[in-house]
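Keep in mind that this is a model prediction, so the values were computed, not measured. Letters go in sequence order (proteins before strands), and every chain restarts at 1.
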Number of protein chains: 2
Amino acid sequence: MHFENIIKTIKERRESLRVTQETLADLSGVGLRTLKQFEAGKGNPTLLTLKKLGDALGLELTLKIKGG
Amino acid sequence: MHFENIIKTIKERRESLRVTQETLADLSGVGLRTLKQFEAGKGNPTLLTLKKLGDALGLELTLKIKGG
DNA sequence: TAAAATAGAGCGTTAAAATGCACTTTGAGA
DNA sequence: TCTCAAAGTGCATTTTAACGCTCTATTTTA
């Protein structure tokens, strides 16, 4: 769906922390099915879902001027 | 819903470009209703919606390690 | 301050996100 | 190669995002 970079960041961060999808699902409060789908590149998560995952992984979502 | 910063960035960027919600809706392909709700702090947009708005406004969404 | 433009809200519909459960596939190690 | 853990998929349900239309509220400007 064109979120390759974001998906990649989440997945790589999770793996570098040696956390399974199941554990991350528990920690973040996101359903396991939802996380699986997301990492598999399916679907279009909501901002809330992304935020929950980011919070659990110590990642922050920012929006800034391109190039700036 | 806790996305204050993101909402604020979108809204301020739109205003600094002197673009109305209606114009941004047209340019981005996001429905006017959806944009209005989002800027009003209601709801929980999908990543795709956020990406469309960001693209139209020259903003990029990034996810990175907190503090890093 | 009256008119016009812009922003926000209510209501209803459609499409899809989020979820659980059960099953299959894949990968790493004994 | 067998086993077990982790990842990925199918199916069904519930919730809700996205949306248009209409109306109201607010802001801007002539």
What integer distance in Å separates [X]:[atom1] from [N]:[atom2]?
X     : N      : atom1 : atom2 : value
B:F38 : D:dA18 : CZ    : P     : 10 Å
A:L24 : D:dG8  : CG    : P     : 13 Å
A:L53 : C:dA17 : CG    : P     : 15 Å
B:F3  : D:dA17 : CZ    : C1'   : 12 Å
B:R18 : D:dT27 : CZ    : P     : 18 Å
A:N44 : C:dA16 : CG    : C1'   : 9 Å

> Any salt bridge between B:K8 and B:E12, counting N to O under 4.0 Å?
Replying inline: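 The answer is yes: the pair qualifies as a salt bridge.
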
>> Rounded at 0.5 Å granularity, tell me how far NZ in A:K36 sits from CD in A:Q21.
In response: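 Reported value, rounded in 0.5 Å steps: 4.5 Å.
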
>> For the OG1 atom of A:T23 and the CG atom of A:L35, what is their distance to the nearest 0.5 Å?
In response: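 Taking OG1 in A:T23 and CG in A:L35, the distance rounds to 10.5 Å.
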
>> Given B:R14, which partner from the list B:L24, B:L59, B:L53, B:T9 fulfils the side chain to side chain contact (heavy atoms under 4.5 Å, CB included) test?
In response: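 Result: among B:L24, B:L59, B:L53, B:T9, B:L24 is the only option passing the side chain to side chain contact (heavy atoms under 4.5 Å, CB included) with B:R14.
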
Would one find a side-chain N or O of [X] under 4.0 angstrom from OP1 or OP2 of [N]?
X     : N      : result
B:T34 : D:dA17 : no
A:T49 : C:dA17 : no
A:T46 : D:dT16 : no

>> Has B:N44 got a side-chain atom pairing as donor or acceptor with A:L48's backbone, closer than 3.5 angstrom?
In response: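 Between the backbone of A:L48 and the side chain of B:N44 there is a qualifying donor-acceptor contact (under 3.5 Å).
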
>> What does the B/S/- profile of nucleotides 6-13 of chain C look like, 5' to 3', with a 4.0 Å heavy-atom cutoff to protein?
In response: SBBBBB--

>> Minimum heavy-atom separation for A:G29 and A:K52, please, with both atom names.
In response: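 In terms of heavy atoms, the two residues are closest at O-NZ, 3.9 Å.
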
